Amino acid sequence: MASSSTKPIFTPPFTTTSSSSSSQPSTRSSLLSFLHSTTPTPISLNLSHSRISFLNSPSSAVRSLSIKNATETIEAAETSRVSRVGGQDANSQETKPTILVSEKLGEAGLELLRSFGDVDCSYDLSQEDLCKKIASCDALIVRSGTKVTRQVFEAAKGKLKVVGRAGVGIDNVDLQAATEYGCLVVNAPTANTVAAAEHGIALLAAMARNVAQADASMKSGSHPTPFSFLFPRQWQRNKYVGVSLVGKTLAVMGFGKVGSEVARRAKGLGMQVIAHDPYAPADRARAIGVELVSFDQAISTADFISLHMPLTPSTKKVFNDDTFAKVKTGVRIINVARGGVIDEDALVRALDSGKVAQAALDVFTEEPPPKDSKLVQHERVTVTPHLGASTKEAQEGVAIEIAEAVVGALQGELAATAVNAPMVPAAVLSELAPYVVLAEKLGRLAVQLVAGGSGIKSAKVVYRSARDPDDLDTRLLRAMITKGIIEPISDSFINLVNADFTAKQKGLRISEERVVVDSSPEFPIHTIQVQLSNVDSKFGSGVSEGGDISIEGRVKYGKPHLTRVGSFSVDVSLEGNLILCRQVDQPGMIGQVGNILGEQNVNVSFMSVGRTVKRRKAIMAIGVDEEPNQETLKKIGEVPAVEEFVFLKL
Ligand SMILES: NC(=O)c1ccc[n+]([C@@H]2O[C@H](COP(=O)([O-])OP(=O)(O)OC[C@H]3O[C@@H](n4cnc5c(N)ncnc54)[C@H](O)[C@@H]3O)[C@@H](O)[C@H]2O)c1
Ligand SMILES: O=C(O)[C@H](O)COP(=O)(O)O
């Protein structure tokens, strides 16, 4: 008998909260619970009979636990997690989620949030206060004024599940840190597009006609005070002669949502519009009569340049001394995107030299800009305090958009506006639901077959399907297999957000293969096979002819089934727990093992025998509802024909 059979018990502590059948969720809600935490979040959605934790974890602090000794690590993880889960579950059932709103949000959005959780509107928090508060928050909603730094995620200690950005730009959120901590970031990308475009056009027209300067001049000359004689009346019609827009060339830099709306409106004003955007499809530009050109062509031919690209490492200070050297002398620049895309000192130099005639800026590198900012004070610069999204309509829209996304995420939904997680269309989600359960269980089973002392470095997943491999979106499945493999052997919590990151961090390479097979295309996947290579197995029969631990499963009647272990075919529904026995293929084995289990009141839910050659070796896969005690397992091991066995928790 294999030595492993004397030490077969493994209790992954985080997986076996059975759902009551009365609370069975809808496919959509249960499926969406990939993004849901089992522990800190009060609304627990169960998927089939396993609770899937996908959004976050109570302690998803990034740890650099390497997968070296699977067995030892399993035990360590088990101990630590059991106590943590135990401590938190006690409180989590009835508590509403806490949602911190750190900047002003439209009332309709707040109402929606209040109907779901405890909403704490605390504006103007210092970084220190934010870090203090965040440890008790499940969600944080910000606009552009709150810096959600790595320190914030660290301070959250894994409790924070979602950051909602009530707007488009997410440059104030440390996305890398969010991902590492398994925290979903969602934004509200559409509701303020028109407001930003209108503000861009307002600045364009106001700048061209010196509206702000003329207004300030008139006001400075009309002080109804006893000292008004000190302020001569200002009526400077000659000073504020502007330039016309019609017939001028506008270069839209960044032809996304806002950029294309600006382009559309500028065309209505009779301007020639060109655009530069390395990622925008030319036909979308052509559809509104805009030509996509290179960066240099755009900036060197434009009379007006309007910036609409996001602030990223590659767009940071993209407008600098070199760029300004290439622009048409007398160009006018509008920026309603992000201050950081312009080197502000270089812009001041270009304004002073006359290379740039005017600028209209809604956004600044530092917000608010320093009081002595030369740019703000420059007489040929028109400024507004980041008002692009600030219309009543946009703010209500953004508030509702972000509140829905955050509430959805807290309920475990995969947000359509997720910024750091794959967006999976609802139809795909719904179709993949049962396969996702299968994927996690296969990962979890495979890792339990690894013997102590083995380091898991690579896993291969083979999807067999009748469909074209290009039609198969496996990101969700890969994430769940990763979760199944890693969670039992470490104290990391995996979700869709951090699965790939965590696997990489632990040195686990997951490769995927899609194989087209002759089966029904009605179903997205025929079988999923998980192979772990270069590892020893505690259950020799789980090793395929190729030398890998290999298990395969499929979805039958909507339920996950194990269909292959190593080279043996079996068919057992993956519910409850599983005993795999290799035995000499002879009559009476089922009865003997069944009796031992029955004596201990362990209910057998399924049983399947697979063999390669008649009367030689066979594998018996036994599904059990209860967890047999050590004594019972020992008795199974003592049955003379049983050569090896393993008890696996699903
Ligand atoms: N001032 C405001 O209040 C306000 C309001 C809304 C949006 N914004 C900002 O405006 C910007 C655009 O918003 P959006 O909703 O149109 O976003 P978007 O994602 O729809 O569009 C951005 C476009 O920029 C393009 N792009 C990326 N890198 C580029 C580069 N190097 N050169 C040229 N184009 C590049 C992208 O391909 C994309 O098409 C964002 O920075 C956003 O934060 C500001
Ligand atoms: O990126 C955005 O959506 C805009 O810059 C708006 O930012 P705000 O929400 O801080 O007004």
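This is a predicted model, so every value here is computed, not measured. Along the sequence shown, residues carry numbers from 1. Both ligands and their constituent atoms are indexed starting at 1 by order of listing.
Of all the heavy atoms of H276, the ones lying under 4.0 Å from any atom of ligand 1 are found in both the backbone and the side chain. When non-hydrogen atoms are compared, ligand 2 lies under 4.0 Å from the side chain of R338 (C-beta onward) but not from its backbone. Both the backbone and the side chain of P310 come within 4.0 Å of ligand 1, counting heavy atoms alone. The residue V398 has no part lying near ligand 2, judged by heavy-atom distances below 4.0 Å. With a 4.0 Å cut-off on non-hydrogen atoms, A196 does not touch ligand 2 at all. Within the 4.0 Å heavy-atom criterion, the part of D362 lying near ligand 1 is the side chain and not the backbone. When non-hydrogen atoms are compared, ligand 1 lies under 4.0 Å from the backbone of D277 as well as from its side chain. Only the side chain of R338 comes within 4.0 Å of ligand 1, judged by heavy-atom distances. Looking at F295 against ligand 1, nothing comes within 4.0 Å, counting heavy atoms.
R143 NH2, 2.8 Å is the protein heavy atom nearest to atom 11 (O) of ligand 2. In this structure, the protein non-hydrogen atom closest to atom 10 (O) of ligand 2 is S144 OG, 2.4 Å. Of all protein heavy atoms, the one lying nearest to atom 3 (O) of ligand 2 is V168 N, 2.6 Å. Protein heavy atom in closest approach to atom 5 (O) of ligand 2: H386 NE2, 2.6 Å.
Nearest heavy atom pair, residue A178 against residue F153, reads CB-CZ, 3.4 Å. Contact between T384 and F364 at its shortest, heavy atoms only, is O-CE1, 3.4 Å. When all heavy atoms of P369 and V376 are compared, the pair lying nearest together is CG-CG2, 3.7 Å.
Between H276 and F295, the ring-plane angle classifies as perpendicular under the 30° and 60° cut-offs.
In terms of polar-atom proximity, P189 is not counted as a contact of ligand 1, lacking any N or O under 3.5 Å from an N or O of the ligand. Where the criterion is an N or O separation shorter than 3.5 Å, residue side chain and backbone included, A389 meets it with respect to ligand 1. For ligand 1, none of its N or O atoms has an N or O atom of T315 under 3.5 Å away. The shortest N or O to N or O distance between A196 and ligand 1 is not below 3.5 Å.
Taking 4.0 Å as the cut-off, A337 counts as a neighbour of ligand 1 on heavy-atom distance. Taking a 4.0 Å cut-off on heavy atoms, N192 registers as neighbouring ligand 1. Ligand 2 has no atom lying under 4.0 Å from any heavy atom of G388. At least one heavy atom of R165 sits less than 4.0 Å from an atom of ligand 2.
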Check the pair E513 / Y463 against side chain to side chain donor-acceptor pair (under 3.5 Å), numbers first and verdict last.
CA-CA 6 Å; E513 190 184 336; Y463 308 96; over 6 Å; no

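By the 6.0 Å contact criterion, NZ on K267 is enclosed, its count of non-hydrogen atoms from other residues, nucleotides or ligands being greater than 12.
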